[in-house]
> 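Below is the structure I would like to discuss, written out as structure tokens.
The chain is numbered in sequence order, starting from 1. In each ligand, atom 1 is the first atom listed, and ligand 1 is the first ligand listed.
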Amino acid sequence: MSGGIDEQATRELLVAFAASLYARGFSVGSAGNISVRLDDGYLITPTNSSFGRLRAGQISRLDTNFAHVGGEKPSKEVFMHRAFYTVRPDCGAVVHLHSTMATAVGCLADADAERPIPPLTPYFVMRVGRTLPLVRYFRPGDPEMEPAIAAAAKGARAVLLANHGPVVSGRTLTDAVYAAEELEEAAKLYLLLRTANPRQLTEAQVDDLLTTFR
Ligand code: 13P
């Protein structure tokens, strides 16, 4: 137990969510990483670990300065997560996936830079927000990604990394996972409907959702 957040329970919840994401194909192989803010630091999935076979004791522990202090070697994308925690004080967890549909949208050469996925359904807007900035391509693990993500995350709960995948934040681990799942479904709907002239939610409907479900 560390302060108000129960670290052991958080580790177990992270393992359960990772296994669930893996079982449903949101992550394959060793793709993706998940972090959670504790009262005195952070938990993050180890580098090259599989969401399908994580153990609570193996998860990497970072101090409040993101230095590695326990568990296995942390994800090479620590700075990707740090970008969100630094610019979004209400951020309690970050989920990065290579989920197929969202990643496919991030590969479209004509993807909109602020709204690569349009507001088609209320839950996408409620969980992910008004915008999903597209961050230009960087090699995985490239620390140059951090300032680019930080700039984009100032005004958005999630970003889409071009040709790589989504990075989604939430107040809690549960919020971040639900938002990442909703984003993937919204990307799927968009790709299904892309050539069919779908009806989008209006700006007034988006405003209504964002003020009603804060
Ligand atoms: P790690 O195994 O270092 O977490 O990297 C996986 C990944 O998703 C890279 O973007």
Side-chain angles (χ1 to χ4, degrees), residues 10-11 13-38 41-63 65-86 91-108 111 116 128 132-153 156-170 173 176-177 179-181 183-184 187:
T10 304
R11 286 174 178 266
L13 187 63
L14 197 165
V15 166
F17 272 132
S20 167
L21 289 166
Y22 188 86
R24 290 174 294 138
F26 286 81
S27 169
V28 299
S30 66
N33 27 73
I34 300 176
S35 67
V36 189
R37 195 200 297 261
L38 301 172
Y42 301 85
L43 296 173
I44 189 163
T45 47
T47 191
N48 293 324
S49 59
S50 171
F51 280 13
R53 288 181 289 120
L54 267 185
R55 286 172 287 103
Q58 154 198 29
I59 295 170
S60 315
R61 182 74 149 85
L62 310 178
D63 67 14
N65 295 316
F66 295 89
H68 182 210
V69 292
E72 292 187 2
K73 186 179 175 196
S75 169
K76 62 180 162 298
E77 309 284 31
V78 165
F79 59 86
M80 171 199 284
H81 294 247
R82 183 170 65 188
F84 273 89
Y85 292 115
T86 306
C91 174
V94 176
V95 174
H96 166 54
L97 299 174
H98 299 169
S99 52
T100 309
M101 301 298 168
T103 304
V105 172
C107 294
L108 294 173
V128 177
L132 176 70
L134 186 66
V135 173
R136 78 163 175 86
Y137 175 77
F138 291 90
R139 172 175 33 82
D142 181 351
E144 295 287 314
M145 210 190 289
E146 183 168 3
I149 294 177
R157 291 178 225 165
V159 303
L160 185 59
L161 305 176
N163 299 74
H164 185 167
V167 192
V168 183
S169 72
L173 176 57
V177 170
E181 294 189 17
L183 195 162
E184 177 66 3

> Run the numbers on Leu161 and Met145 for side chain to side chain contact (heavy atoms under 4.5 Å, CB included), then give the verdict.
CA-CA 9 Å; Leu161 305 176; Met145 210 190 289; 4.0 Å; yes
> Using atom types as modelled and distance alone, determine if a side-chain donor or acceptor of Arg82 lies under 3.5 Å from a backbone N or O of Glu146.
no
> What residues come within 4.0 Å of ligand 1, counting heavy atoms only?
Ser30, Ala31, Gly32, Asn33, Thr47, Asn48, Ser75, Lys76, Glu77, His96, His98, His164
> If I take atom CG from residue Leu62 and atom CG from residue Leu43, how far apart are they, to the nearest 0.5 angstrom?
8.0 Å
> Which donor-acceptor pairs under 3.5 Å do the side chains of residues 132-142 make with protein atoms, sequence neighbours left out?
| from | atom 1 | to | atom 2 | distance (Å) |
| --- | --- | --- | --- | --- |
| Asp142 | OD1 | Glu144 | N | 2.9 |

> Quick one: list whatever passes side chain to side chain contact (heavy atoms under 4.5 Å, CB included) with Ala187, sequence neighbours left out.
Met101, Ala102, Val105, Ile117
> Taking side chain to side chain contact (heavy atoms under 4.5 Å, CB included) as the definition, give me every residue that meets it alongside Glu181, ordered by chain and number, with sequence neighbours left out.
Leu21, Arg24, Phe26, Val177
